[in-house]
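Have a look at the structure below, then the notes.
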Amino acid sequence: MPSKVIALVIFTVSCFSLFAQSERVLTLLGPVGGESWVAGEQTIRWELEGDGWNGAETLTIECTRDYGETWSIWVIDAPAAAGSYVWDISALPASATYWLRIECNEDTTARDVSDIFRIGANAKFYVNDAATDNDVYCTTPGTPDGDGASPGTPNSSLSFILDMYALQPGDTVWLDTGEYTLAENITIGSNDDGTADNPLRILGSPNGTVLDRHDTSTTTSRGFEITGSYIRLGSETAPLQITGAYYGISLEGTGGEANGCIVQGCGVLGISVSGKENTVTGCLVQDNVGTGIACKDGSTTVVIVKNIIRNNGKEGLYAWGRHTDVTIAFNLIINNGSYGFHAGSGEGLDITLINNTVANNESHALFVSPRYISIPVSMNARNNIFCADGPGRVCVYMERNLAGSLDYNTYYTTNGACTGFYAQAVRARLGEWRAATGQDLNSLETDPRFVDSANGNYHLMSTGGRLHDGTWISDPESSAAIDAGNPGDDVGMETSPNSGRINQGAYGGTNEASRTPSGRVVALLDPVGNTSWDTGAQSIRWNLTGQGWNGTETFTIAYSVDNGSSWSTITDDAQAAAGLYAQDTTGMPPGPVYRIRLVCNEDANAAVTG
């Protein structure tokens, strides 16, 4: 009896072995899931097991992008024995939800299906809140179960997209209209790098996408923490709004960009920049408890351009550190609780300021305080408007020596403020500032005539037209800062008439620049306030703007030794177009309250008194 049992067991095992050897087993080796096939030819690989294969079988290879609801056949006769098949995926639509299936045509039980993988560049992903009100991109509310790969299947979390998919250069994640509570930092690292030509984009809705971190006090709290390369947050037409974080946005990688973002209601910092080649452009940075934007130690080739930085509790903009190269251009920096712009310390700190308007801040417009006494500040500033208001405040405060060039700027002081501080002394007026620094020889000391600074309108008044709610209107007077920038700078997007010379201030060089005045405007360049002339040859210099000049006009130039109570004529035939008049002061009585007056003989309204 025992021997029969043993024989039966042996027979059963033997039959099973014969069955296994006569079947066909097909195993997919690639793709198996998680791959990213961007373009070109890709290789599908498999292996055959079992002795049922005779070498003549063929495979059908097909794919799906909708989790198996529909399948598209790629090939119906791939030789099974080859073990691989090369397929050009260039014409396939980009998607991160591909599956691939292979099946033996002679035996449909021999088949295998991959897990999810992606094909193509520039894939799109979708996030939505629990509603579709005012949505732009998604057709259904977001849910935790949504794959985020289509407008109809959005996920409710940006973190899900970042964790689920290996994002590639050129990919875009659309965050639709709504408010999103962030329980943790949105961290985008090197696993999701873009490239310089094809950044990874995280975009919001024109109807408002708000991400609220709900933690302004924890030092590690961030709205976005960008450590990867070439990550772009927002755009002019698809902005993101970040609030409630210790730092709203932290750009720590290479080639990152915050574009069109609204950063408000954050703690210590609105936007922090500490990486390389990062850009902050077109952002509104306002109402943060601390500093608006900060460029930190080691950040290189930073560009801060076309932003509005206002109503922050401390500095509007702060740059410090070693080997930091910062370009700050076309920004409106206003109504901040401390300095407009603070440049602090740094061996190798190199700053370029172009076409900024810095006004109505609680302290100095520009404050520079290097750490090392022996190292001069490397700063180049042109086409800016610096304003200071109140005693103890100055337009430009520099504690140490200056290396660089400042020129073609406008300085405007009110209520006891001064033009500058340099070499441990206050320089009350532009003339003193020039004498001490050797800078700003073509700069102006005048009211820039903002349209309505009390209500945040810092466009320049012009009789030739300035922009108001999308319409061009004329003012009764004009700003001398129009057509007063560096003649070597391109006018950029300024509309006609523009005289071919860029305006000063945040809107110069843009399509919002005020137009050249309709009449004649003259501004005095030299002498300016508190200029001190020795006897001998001196130059009276001026700048002309306006469509009314024809090149033949002349000036009557007069001087006063009693602060304007009486006037003596120097000449009544100075050529206006020349821009200067040489005056020999020998024989003129000495005095501390001289003034110079220019009046156009053809147009008495074209006049200026120093």
Side-chain angles (χ1 to χ4, degrees), residues 257-259 271 273 277-283 285 292-293 295 299-310 315-319 324-334 339-343 349-359 361 364-368 377-387 395-396 398 402-412 420 433 437 439-444 448 450 458-460 479-494 498-514 543 545:
E257 182 175 335
N259 187 332
I271 299 178
V273 183
E277 301 175 14
N278 288 309
T279 299
V280 180
T281 180
C283 292
V285 185
I293 300 175
C295 305
S299 54
T300 59
T301 319
V302 178
V303 177
I304 311 294
V305 60
K306 295 183 179 179
N307 303 286
I308 298 175
I309 308 168
R310 67 188 183 194
E315 305 98 335
L317 181 58
Y318 188 15
T324 299
D325 175 15
V326 185
T327 298
I328 301 164
F330 306 100
N331 298 287
L332 182 62
I333 307 173
I334 56 171
Y339 313 115
F341 172 47
H342 182 189
L349 179 62
D350 191 355
I351 300 170
T352 301
L353 293 165
I354 306 172
N355 277 100
N356 301 283
T357 296
V358 189
N361 298 286
H364 314 310
L366 171 58
F367 178 63
V368 184
V377 176
S378 178
M379 176 174 291
N380 293 281
R382 66 182 188 272
N383 308 344
N384 303 285
I385 298 176
F386 297 123
C387 303
C395 291
V396 178
M398 290 192 176
L402 170 69
S405 174
L406 283 70
D407 210 357
Y408 298 100
N409 303 298
T410 283
Y411 294 83
Y412 182 51
W433 174 258
T437 64
Q439 302 289 336
D440 285 304
L441 300 183
N442 296 288
S443 294
L444 301 173
F450 298 126
Y458 286 83
H459 289 83
L460 304 178
S479 169
I482 295 173
D483 304 336
N486 189 328
D489 287 344
D490 193 274
V491 297
M493 300 295 291
E494 291 191 14
N498 57 47
S499 85
R501 185 170 175 180
I502 194 171
N503 293 356
Q504 295 177 349
Y507 300 106
T510 75
N511 57 7
E512 295 187 45
S514 297
N543 183 56
T545 185

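Computed from a prediction, not measured in an experiment: that's the story for all the values here.
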TODO: Measure up the F386 and Y411 rings against each other and bin them: parallel (under 30°), tilted (30 to 60°), perpendicular (over 60°).
DONE: tilted
Task: Side chain proximity check, F341 to N331, heavy atoms < 4.5 angstrom - done: no
- [ ] Check for a donor-acceptor pair, side chain of T279 on one end and backbone N or O of T281 on the other, with a separation under 3.5 Å.
- [x] no
Task: Pairwise side-chain contact, V326 with V273, heavy-atom cut-off 4.5 Å (strictly under) - done: no
Task: Side chain E512, main chain Y507, donor-acceptor under 3.5 Å - done: no
- [ ] To the nearest 0.5 angstrom, please state how far the CZ atom of R382 sits from the CG atom of N356.
- [x] 11.0 Å
TODO: Work out which heavy atom in A481 is nearest to a heavy atom in L460; give both atom names and the distance.
DONE: CB-CD1, 3.9 Å
- [ ] Please name the pair of heavy atoms, one in L406 and one in M379, separated by the smallest distance, quoted to 0.1 Å.
- [x] CD1-O, 4.0 Å
Task: Spatial distance of atom OG1 (T545) from atom CG (N498) [nearest 0.5 Å] - done: 10.0 Å
Open item on the list: What's the separation between atom OG1 in T510 and atom NZ in K306, rounded to the nearest 0.5 Å?
Closed with: 6.5 Å
TODO: Kindly give the heavy-atom pair with the smallest separation between I271 and A258, and that separation in Å.
DONE: CD1-CB, 4.5 Å
TODO: Write down the atom of I482, the atom of S514, and the distance for their closest heavy-atom approach.
DONE: CD1-CB, 3.9 Å
- [ ] Return yes if a side-chain donor-acceptor contact under 3.5 Å exists between Y408 and D489, otherwise no.
- [x] no
Open item on the list: Quick one, I385 and F450 - any side-chain contact, counting heavy atoms below 4.5 Å?
Closed with: yes
TODO: Measure across N503 and A513 and return the closest heavy-atom pair with its distance rounded to 0.1 Å.
DONE: ND2-CB, 3.7 Å
Task: Main-chain N/O of E257 paired to N278 side chain as donor or acceptor, under 3.5 Å - done: no
TODO: Can you label the angle between the F367 ring and the H342 ring as parallel, tilted or perpendicular, going by 30° and 60°?
DONE: tilted
TODO: Please report the shortest heavy-atom distance between G509 and F330, naming the atom on each side.
DONE: CA-CE2, 4.4 Å
Open item on the list: Rounded at 0.5 Å granularity, tell me how far CG in N543 sits from CG in D483.
Closed with: 8.0 Å
Task: From C387 atom SG to I333 atom CD1, the distance as rounded to the nearest 0.5 Å - done: 12.0 Å
Task: N355 CG to L332 CG distance, which is reported to the nearest 0.5 Å - done: 12.5 Å
- [ ] Answer yes if the side chains of N409 and N384 hold a donor-acceptor pair under 3.5 Å, and no otherwise.
- [x] yes
Open item on the list: If only side-chain N and O atoms count, and only distance matters, is there a donor-acceptor pair under 3.5 Å linking D350 with S378?
Closed with: yes
Task: Q439 side-chain N/O to G404 backbone N/O, donor-acceptor pair under 3.5 Å - done: yes
- [ ] Without swapping roles, check the side chain of N383 against the backbone of I502 for a donor-acceptor pair under 3.5 Å.
- [x] no
Open item on the list: Please evaluate residues I328 and L317 with respect to the criterion side chain to side chain contact (heavy atoms under 4.5 Å, CB included), reporting the C-alpha separation (whole Å), side-chain torsions for both, the decisive distance (0.1 Å), and the verdict.
Closed with: CA-CA 9 Å; I328 301 164; L317 181 58; 3.5 Å; yes
Task: side-chain hydrogen bond (donor to acceptor under 3.5 Å, both in side chains) partner of D407, chosen from N486, N442, N380 - done: N442
